[in-house]
Amino acid sequence: MEKYLNITLKPQKVEFTGKSIKITDTISGKFQIPYRELASAYIRICDRETGGYYEPELADITGNMDGELILYNFQKCRWKIYTDETGKTAGSMLSELVKRAPYILSGGNSWIDLENEEDFSEIEKMVKLMRQCR
C-alpha cells in the first residue's frame, strides 16, 4: 500500500459542524475535513506504565479519555490531532464525530490493519455501504 500522507496538528480550536470538522491549528492555519471523506477514526492513548500507546475499542471509550484523535480519509491521508490545547478530550471529540458521521469505522479495531491495502479496501466498501443506508 502507498504510504499515507501524515498530517500532525496541534490545534487551538476544533469545531464539528453539520458537514465537516473545522480545525484551527497554531502553526499550519485552518483546515476543513468533510465527514464524507473520512473512512476511520479512533483515539490513541499513551500508557504511562509502559510508555507505549493503545487504541481502545469504541465501546470502551469515555468522554474524559485524553490522547490523540486519529483520522484516515480515502485520499491516503492520516490526520493526527493533539487535543491538549483545544479544551476538549480526544474521547469527547470522537464521540461528537460518531454522532455526526456514524457510518465511519470508529474506535480501535485490532482485527483491521489500516496500512494494509486489502483491509483498507474492505473498510472503504463498508463505509460506502453504511453511508447509503443512512
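For Phe16, the ring pair (Phe, Tyr, Trp, His ring centres under 6.0 Å) criterion is met by no residue, not counting sequence neighbours. Residues passing the side-chain hydrogen bond (donor to acceptor under 3.5 Å, both in side chains) test with Glu37: none are found, sequence neighbours excluded.
Taking the side chain as every heavy atom from C-beta outward, Met65 and Ile45 approach each other to under 4.5 Å.
A distance-only check finds a donor-acceptor pair linking the side chain of Thr86 to the backbone of Thr83 [under 3.5 Å]. Using a distance-only test at 3.5 Å, with no hydrogens or angles considered, no donor-acceptor pair links the side chain of Thr8 to the main chain of Lys80. Here the side chain of Thr26 pairs a donor or acceptor atom with the backbone of Lys10 at under 3.5 angstrom.
By the 6.0 Å contact criterion, CZ on Arg44 is enclosed, its count of non-hydrogen atoms from other residues, nucleotides or ligands being greater than 12. Residue Glu118 places its CD atom among 12 or fewer non-hydrogen atoms of other residues, nucleotides or ligands, all under 6.0 Å distant.
Ile81 contributes atom CD1, which lies 9.5 Å from atom CD1 of Ile7 (distance to the nearest 0.5 angstrom).
A side-chain N or O of Ser92 and one of Thr89 form a donor-acceptor pair less than 3.5 Å apart.
Residues Ile123 and Ala39 approach most closely at CG2-O, 3.9 Å, considering heavy atoms.
Among residue pairs with one or both ends in residues 17-38, those qualifying as ring-ring contact (aromatic ring centres under 6.0 Å, His included) are Phe31-Trp79; sequence neighbours excluded.
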